Structure formats: C-alpha cells, structure tokens
Amino acid sequence: MTVVWINGAFGAGKTTTARELIELIPNSALFDPEVIGGALTHLLPPKHLAEVGDFQDLPIWRRLVVDTAAAMLAELGGTLVVPMTLLRQEYRDEIFGGLAARRIAVHHLLLAPAETILRERIAGREAPPHAPDAPDGEIRTRQWSYDHIEPYRAALASWLTADAHPVDTSDLTPYETAVRIAEAVGSGAVPACDIVQTPEPTAETLAAGVLLFDEQDRVLLVDPTYKPGWEFPGGVVERGEAPARAGMREVAEETGIRLQEVPRLLVVDWERPAPPGFGGLRLLFDGGRLEPGEASRVLLPGPELRAWRFATEEEAAGMLPPVRYERLRWALRARERGSALYLEAGVPVG
C-alpha cells in the first residue's frame, strides 16, 4: 500500500494534478483531506472550531487524515493520491509517521512553480463549488492563498525542499505534471520517506527512558519525528528485553551515544489509559553526566529525531506535556535522594 502525497503552496494546482494522476497510476484513488475539514464542521462545536484558524491545527484533523487514508487503502488497496499542503514540519512528521506505523509507504512530492506563476494562478482561482456566496467565496479563497505564500517560502527555506521531490510546474499543464510524477514514482526517483515506523500499541506497553545530563546538569530532551512533543531518549521495551537494556539501545539508536554501564532506575510511573492510547508502565533511568566531548557527538536530527537540546528543569516545564514533566520532576528528586520512586499518573505513591 502506497501514498503519493502532493504538496505545494495553496493554488499550485495540487488537486487538478491529482485528478490527472489517478488516471495514470493503475489501481489508484483520490483522497482529498479537505473533506475531513468539511466533516469537522458537523462534528465539533462552533466555539471549538472558532479557536483555530486552520483545520490542520486540530489534532483530530491530523488523526482522521491518517485513519481515513489507512481505511481507504485497506478497502481499496493500491495507491492513494493525496493533494494537501503541509507547511509545518511537525504536522508532516505526525501524519507521515502515523502512516508509516501502519506500514504505508509515503512518496512526498512538491509542486513548485515560480512565484510569479503561482500568483497568476491564485488570481484566477475560483471558490469551491460548495461556497455559499460565490463572489465572496472567491475573494476569501484567493486571500487565503496569498496569505500562505510567506509560510510556504519559510517552509522551503527550512525543510520542505530537502524533504520532498520538487517538480517545477511553471511551464507544465496539470496532465504534464501528472506524467512527471508518475514517471518519478514508478522509476524509483522518489523513494518512500525515511521515517521511523513505530506501530501503534494495541495494549498497555512498557517503555524505558534515559535521562542524560550535561556538565551544567541540564537534561537532554529530544523531539521525535514519529510523535508530537518533546520526550526523553528511549522507547518501548521489546518482547524478551530487559527495560534498562532497552533504554540503552534506544539512546544509541536515537543519539549515537553508547552507554557503557547499565543506568540506575529513578522512577516507575503507571500511565493511565487515555483513548486512543493504552497507557502502561513508564520507567526512567539515570544515564549519568556526559563528558563535554560526548555531548558534542550527539547525532544531528535524522529519521528518528527532529531536534534535541539540553534543558533546565524550568525550561523542561514549558517543553514537555504535563504528565511527562511530572515524571521528570520526580525523577530529578529521586536522583538527588539516591532512591527510586513509584508513581501513579505522575504522583508518588507510598
């Protein structure tokens, strides 16, 4: 099962190209995530929708895009062509990572006309057929597209060009663009995205994290590509694996740092189920203080990490979700006292 994701600025011609592409790729179907946004207007309270300026900022939209794409491929098989602008790298990572967790390969392409051509196309763009007031709808549609040119430029400068396979559509018709994409995907010129495949749990899990410190006793936090939010180096303990050894393995895979000694246990925390998550036991170990040379050898972000940094306890409070921060806070207290703590949902017990 495969997804061909067509990215690009609003007004770049993604949907028109996608319609041409499904005629060229055998056993393919079109999935436009815009329909998810339309459905949410009937599912969520208006007040909740009014708090966000873009459907993509809603976690439910991103989850439904992944779930719907997976369900369509389970029903239809073959290839799903998805025309959708993604300008925020963390949203790209979350959606593509969710698809990868379902063993769905994603080929990421970028329609990249010259900006002058893009502005001409936006100027001639019409409102969607369902727009209640066509003239006003066209004005809003064009203005939305113009307003997102600058974020598109920023994405190009920071991550998008390196992540996606660009196709210059300045002098191409939608059909010619579709032919280029079909040839590039079919020839292997656009390989599947290099992103970690982390299957979603189907039951409670046991996970091990390792706290690593610099010479100022700041703790190392990482920003994984396969899930939102900052985290500690670590991951799920595999079947038959000792938890501390799992933490050491994950540290090596994520950061390139190979711990020579088994880390000391700091915290055992029971995380309650929070649908769609299943919860489970979360262990934090003390990996010790890194020598200056070791800290400088932390791998640059790759398939597993978007970023990493050392943070003080106060800085971590603003970076970690509340449950993870409480786990860190008590782990630091356990480190100071020299004895491990048992927590339930981040609260010490006993």
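Please read these numbers as outputs of a predicted model, since none were measured by experiment. Atom set for the values below is all heavy atoms of this structure, side chains included, hydrogens, waters and symmetry mates excluded. Residue numbers run from 1 in the order of the sequence given.
Environment of CD in Glu315: crowded, with over 12 heavy atoms of neighbouring residues, nucleotides or ligands closer than 6.0 Å. Summarising the local packing, CZ of Arg333 is surrounded by more than 12 heavy atoms from other residues, nucleotides or ligands at distances under 6.0 Å. Counting heavy atoms of neighbouring residues, nucleotides and ligands inside a 6.0 Å radius, atom CD of Glu261 does not exceed 12 of them. Within a 6.0 Å radius of CD in Glu75, other residues, nucleotides and ligands contribute 12 heavy atoms or fewer. No more than 12 heavy atoms of other residues, nucleotides or ligands shown are found within 6.0 angstrom of CZ on Arg245.
If you take CG on Asp163 and CD on Gln89, they are separated by 7.0 Å, rounding to the nearest 0.5 Å. Thr41 OG1 to Phe55 CZ: the interatomic distance, rounded to the nearest 0.5 Å, is 6.0 Å. Atom CZ in Arg153 sits 12.5 Å away from atom CG in Leu87 (nearest 0.5 Å). For the atom pair CG (Asp223) and CZ (Arg309), the distance works out to 11.0 Å, reported to the nearest 0.5 Å. Here Leu172 contributes atom CG and Thr177 contributes atom OG1; the two are 4.5 Å apart, rounded to the nearest 0.5 Å. Summarising the geometry, atom NZ belonging to Lys14 is positioned 10.5 Å from atom OG1 belonging to Thr169; distances are rounded to the nearest 0.5 Å.
Taking the side chain as every heavy atom from C-beta outward, Thr17 and Val81 never approach each other to under 4.5 Å. In this structure, the side chains of Leu44 and Leu58 come closer than 4.5 Å at one or more pairs of heavy atoms. Annotation: side chain of Pro263 is in contact with side chain of Met248 (closest heavy-atom distance under 4.5 Å). Proximity of Leu111 to Leu109: side-chain heavy atoms (C-beta onward) are nowhere separated by under 4.5 Å. Residues Pro33 and Val82 are in side-chain contact: their nearest non-hydrogen atoms beyond the backbone lie under 4.5 Å apart. Looking only at side-chain heavy atoms (C-beta outward), Tyr325 and Glu313 come within less than 4.5 Å of each other. By the 4.5 Å heavy-atom criterion applied to side chains, His108 and Phe96 are counted as neighbours. Two residues are said to be in side-chain contact when any heavy atoms from C-beta on lie closer than 4.5 Å; Glu254 and Trp308 fail this criterion.
Residues Val210 and Ile257 are members of one and the same hydrophobic cluster, defined by side-chain heavy-atom contacts under 4.5 angstrom among Ile, Leu, Val, Met, Phe, Trp and Tyr. In the hydrophobic clustering of ILVMFWY residues, with side-chain heavy atoms under 4.5 Å counting as a link, Leu86 and Val3 come out together. Placement of Val323 and Leu281 in two distinct hydrophobic clusters is found when ILVMFWY residues are connected by side-chain heavy-atom separations under 4.5 Å, directly or transitively. Leu30 and Val167 fall within a single hydrophobic cluster, where Ile, Leu, Val, Met, Phe, Trp and Tyr are joined by side-chain heavy atoms under 4.5 Å apart, directly or via other members. Linking Ile, Leu, Val, Met, Phe, Trp and Tyr whenever their side-chain heavy atoms come within less than 4.5 Å puts Val190 and Leu21 in one cluster.
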Evaluation steps, side-chain contact (heavy atoms from CB on, under 4.5 Å), between Asp217 and Leu332: CA-CA 10 Å; Asp217 263 350; Leu332 294 178; over 6 Å; no
Steps toward side-chain contact (heavy atoms from CB on, under 4.5 Å) verdict (Leu110, Leu156): CA-CA 10 Å; Leu110 173 67; Leu156 282 177; 3.7 Å; yes
side-chain contact (heavy atoms from CB on, under 4.5 Å) between Phe232 and Leu320, worked out: CA-CA 9 Å; Phe232 323 108; Leu320 295 171; 3.8 Å; yes
From CA spacing to verdict: side-chain contact (heavy atoms from CB on, under 4.5 Å), Thr255, Leu220: CA-CA 10 Å; Thr255 70; Leu220 178 66; 4.3 Å; yes
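Asp214 pairs by the salt bridge (charged side-chain N to carboxylate O under 4.0 Å, His left out) definition with Arg218, not counting sequence neighbours. A search for salt bridge (charged side-chain N to carboxylate O under 4.0 Å, His left out) contacts involving Arg180 returns nothing, not counting sequence neighbours.
Cation-pi geometry between Arg335 and Phe213 is met: the NZ or CZ atom falls under 6.0 Å from the ring centre, inside 45° of the normal.
Salt-bridge annotation for Arg62 and Glu90: absent, with no side-chain N of the basic residue lying under 4.0 Å from a carboxylate O of the acidic one. Ion pairing between a basic and an acidic side chain is recognised when a charged N comes within 4.0 Å of a carboxylate O; Arg282 and Asp269 show no such pairing.
At distances below 3.5 Å, at least one donor-acceptor pair connects side-chain atoms of Trp5 with backbone N or O atoms of Met84. Gln260 places a side-chain N or O within 3.5 Å of a backbone atom of Arg258 that can act as its donor or acceptor partner.
With Thr2 as reference, Thr79 is the one residue of Val106, Ile25, Thr79 to meet the side chain to side chain contact (heavy atoms under 4.5 Å, CB included) rule. With respect to Tyr91, the side chain to side chain contact (heavy atoms under 4.5 Å, CB included) criterion is satisfied by exactly one of Asp54, Val65, Asp57: Asp57.
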